[in-house]
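Data block below; observations after.
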Amino acid sequence: MDQAIAENPATRRQRPTRRGGAIVSPLVVPFIRRNIPTYDILSEENLLRIEAVADRILAEIGIEFRDDPAALDLWREAGAEMDGLRVRFPKGMLREILASAPSVFTQHARNPANNVEIGGNAVVFSPAYGSPFVMDLDKGRRYGTIEDFRNLIKLAQSSPWLHHSGGTICEPVDVPVNKRHLDMVYSHMRYSDRAFMGSVTAEDRAEESIEMARILFGADFVDANCVILGNVNVNSPLVWDGTMTRALRAYARANQAAVIVPFILGGAMGPVTNAGAIAQALAETMAGCALTQLERRGAPVIFGNFLSSMSLRSGSPTFGTPEPAIGSMVIGQLARRLKLPLRCAGNFSNSKLPDAQAMQEGVMSMLSAVHCGANFVLHSAGFVDGLLAMSYEKFVMDTDFCGALHSYLAGVVVDDNTLAMDAFEEVGPGSHFLGSAHTMRNYQTAFWDSALSDNEPFEKWSEAGSTDMATRANARWKKTLAEYEAPPLDIAIDEALLDYVDRTKRAKPDAWY
């Protein structure tokens with residue numbers, strides 16, 4: 001099995017190439033094939049106890065579905081117990097409905113070489129999502145613009161260690177609220193050839209995002225294949241509001257994938273204790289995932305989760321802390337029992353700068369994503385200030401760390417080459433392996449090579465300017481943007497997209513809310 005995975009094209013490394021004298025790293029793999037086991041921390045007995053509490057929440061307390069009569073009609077027809085907006089679910093009902101959801105599906109990219117598989121042993125890294133601010137070492141913290149949005153797409157497209165273009169990488173506040181989704185979706189299509197996400201902030205914006213996907217891929221192809229994701233959030237505790245349910249139903253109706261995500265701050269939108277918050281999250285997520293199947297049986301859906309803690313002294317959210325990280329392990333076990341693809345954890349941090357705190361918290365939470373078995377890892381790069389800001393420097397620092405995780409997830413391959421018996425025979429006792437035939441055969445792919453870490457002796461580092469990683473990252477993102485080249489897009493499709501964006505914008509007045 002190890003050998004088969006090692007030879008799979010989705011785990012094979014590629015060497016950098018040169019373009020115009022500059023080194024260009026290709027997409028190393030379209031997605032990662034996990035070659036290490038998940039970390040299952042809870043016993044069967046304790047998993048059953050959590051599931052039992054989730055079932056009681058669903059059956060005895062219920063969940064409110066607000067401002068979406070069609071969703072209530074679907075639940076009524078499915079046999080749920082209705083009490084106004086409150087919906088209660090008999091034990092086992094949601095699991096029966098969820099049986100029609102695929103355990104693995106492909107999200108297609110406009111470049112088929114970049115299609116991603118979501119579910120099973122696949123791992124997909126995607127940038128952070130949703131920040132109103134951006135920051136860098138030169139200009140500091142400021143509101144995001146459409147230029148920043150496009151820059152971050154270009155940085156993601158240029159990284160060999162990310163697999164997905166993401167969604168709302170930052171909010172472009174210089175574009176009207178009711179129209180910015182058009183510019184954002186177009187930017188993903190124009191400046192990246194990877195899979196991407198659409199809008200969820202209103203039903204019509206979700207539908208317009210999907211319509212743009214139909215222009216890009218063709219309507220028949222979109223009806224039969226997943227090409228766009230929508231990330232929807234529960235209004236915890238135990239409320240699904242109509243904005244989100246209408247959006248998730250729009251994606252499901254078009255056979256596109258909704259990512260169903262409770263955002264639970266322990267002590268605010270959920271209990272302070274991990275087990276209780278996990279049970280709540282399970283109940284809320286199952287209800288959202290099941291609603292997609294009532295809208296269109298067999299539509300792809302992703303079981304999502306965003307556990308977080310808070311400072312009980314100040315009430316401020318905290319990110320990258322150990323309790324949500326270990327809680328993610330349990331979420332992974334529960335999602336696998338439901339046979340659903342998982343979105344969980346990411347590179348979280350409360351730090352206001354791309355500093356040691358940012359990387360400490362990011363590593364804590366990102367490793368929890370790796371070990372819990374997350375298939376789609378949103379927030380893999382750029383997250384600072386509790387997701388209020390996207391940092392250019394941290395973005396490239398995080399993508400560099402994602403490169404390390406590629407090697408980590410590859411595990412240890414055991415075969416004749418890696419056991420290196422021929423090297424021992426050649427070198428013998430007391431010599432070294434630097435010039436051996438085995439080393440020369442393997443040196444280009446043996447170790448992950450950081451683009452940002454400084455591994456030189458102190459004297460050489462000092463003579464070169466004594467730079468820290470954030471400073472090196474600042475130079476790196478500028479160089480990357482200067483060398484960026486947009487992937488080719490068919491001219492007729494580009495013109496059709498621009499025409500659709502223009503017509504849709506002109507049909508309604510600007511709204512800034």
Side-chain angles (χ1 to χ4, degrees), residues 16 22-25 27-28 125-129 131 133-142 144-145 147-166 169-170 191-192 319-320 346-367 377 379-408 447-456 458 460-484:
I23 294 178
V24 178
S25 294
L27 184 65
V28 176
F125 290 151
S126 180
Y129 179 111
S131 300
F133 299 100
V134 297
M135 61 180 295
D136 62 58
L137 295 185
D138 303 299
K139 299 178 183 178
R141 187 175 186 263
R142 60 198 184 276
T145 65
E147 180 183 5
D148 290 307
F149 186 88
R150 290 169 180 160
N151 283 343
L152 292 163
I153 290 174
K154 293 173 184 179
L155 290 176
Q157 170 72 14
S158 300
S159 172
W161 308 118
L162 295 179
H163 315 106
H164 202 278
S165 193
I169 304 185
C170 71
Y191 299 108
S192 174
F319 297 93
N347 199 315
F348 305 151
S349 177
N350 251 25
S351 180
K352 312 307 178 284
L353 294 170
D355 57 8
Q357 177 187 340
M359 297 312 289
Q360 172 187 302
E361 292 170 344
V363 168
M364 167 70 77
S365 54
M366 196 64 170
L367 282 179
V377 186
H379 304 311
S380 293
F383 186 126
V384 292
D385 194 17
L387 195 53
L388 289 175
M390 281 287 286
S391 161
Y392 278 73
E393 286 80 22
K394 189 164 184 288
F395 193 96
V396 295
M397 291 161 67
D398 289 343
T399 58
D400 195 61
F401 179 57
C402 284
L405 293 175
H406 275 243
S407 291
Y408 189 82
F447 303 125
W448 167 72
D449 190 12
S450 170
L452 289 176
S453 294
D454 188 296
N455 301 312
E456 300 293 343
F458 179 88
K460 191 171 182 179
W461 168 78
S462 179
E463 291 169 4
S466 306
T467 59
D468 61 12
M469 183 174 275
T471 303
R472 296 192 294 272
N474 178 269
R476 179 79 179 182
W477 70 256
K478 292 174 181 175
K479 182 175 186 292
T480 300
L481 290 181
E483 296 176 350
Y484 166 84

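Predicted model only: the values in this text are computed from it and were never measured. We number each residue from 1, following the sequence as shown. As a basis for the values below, the full set of heavy atoms in this structure was taken, side chains included, without hydrogen atoms, waters or symmetry mates.
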Taking all heavy atoms of [X] and all of [Y], pick out the closest pair and write down the distance.
X	Y	result
S126	G166	OG-CA, 3.2 Å
G386	N350	CA-OD1, 3.4 Å
M364	G320	CG-O, 3.5 Å
D400	A451	OD1-N, 2.9 Å

Quiz item: Looking at D148 and R142, does any basic side-chain N land under 4.0 Å from a carboxylate oxygen?
Solution: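 Yes, this pair counts.
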Would you indicate whether the side-chain heavy atoms of [Y] and [X] approach each other to under 4.5 Å?
X	Y	result
P127	L152	no
S351	V384	no
M135	L353	yes
R141	D385	yes
L481	L155	yes
H406	W448	no
M366	F125	yes
K154	T480	no

Practice problem: Give the ring-plane orientation class for F319 versus F348, where under 30° counts as parallel, over 60° as perpendicular and anything between as tilted. | Solution: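 Aromatic pair F319/F348 classed perpendicular.
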Exercise. Please state whether the rings of F383 and H379 are parallel, tilted or perpendicular, taking 30° and 60° as the class boundaries.
Key: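 Perpendicular.
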Self-check item: Verdict with reasoning, Y408 to L367, per side-chain contact (heavy atoms from CB on, under 4.5 Å)
Solution: CA-CA 10 Å; Y408 189 82; L367 282 179; 4.3 Å; yes
Practice problem: Would you confirm whether Y484, through its side chain, and Y191, through its main-chain N or O, come within 3.5 Å as a donor-acceptor pair? | Solution: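 Yes; at least one donor-acceptor contact below 3.5 Å.
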Quiz item: So, the side chain of S131 versus the backbone of L387: is there a donor-acceptor pair under 3.5 Å, distance only?
Solution: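 Looks like yes, one N/O pair under 3.5 Å.
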At what distance, to the nearest 0.5 angstrom, does [atom1] of [X] lie from [atom2] of [Y]?
X	Y	atom1	atom2	value
M469	S450	CE	OG	5.0 Å
H163	S380	NE2	OG	8.5 Å
W161	T399	CH2	OG1	10.0 Å

Self-check item: Steps toward side-chain contact (heavy atoms from CB on, under 4.5 Å) verdict (L162, F395)
Solution: CA-CA 11 Å; L162 295 179; F395 193 96; 3.9 Å; yes
Exercise. Any chance you could lay out the side-chain contact (heavy atoms from CB on, under 4.5 Å) test for N151 and Y392, step after step, and finish with the verdict?
Key: CA-CA 9 Å; N151 283 343; Y392 278 73; 3.2 Å; yes
Practice problem: For D468, check side chain to side chain contact (heavy atoms under 4.5 Å, CB included) against everything at least two apart and list the hits. | Solution: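 Per chain and number, D468 pairs via side chain to side chain contact (heavy atoms under 4.5 Å, CB included) with A470, T471.
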Quiz item: Excluding sequence neighbours, so at least two apart, what forms side chain to side chain contact (heavy atoms under 4.5 Å, CB included) with M359?
Solution: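 M359 satisfies side chain to side chain contact (heavy atoms under 4.5 Å, CB included) with K394, M397, D398 once adjacent residues are dropped.
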Quiz item: What residue among T467, D136, D138 forms side-chain hydrogen bond (donor to acceptor under 3.5 Å, both in side chains) with N474?
Solution: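 For N474, the side-chain hydrogen bond (donor to acceptor under 3.5 Å, both in side chains) test succeeds with only one of T467, D136, D138, which is D138.
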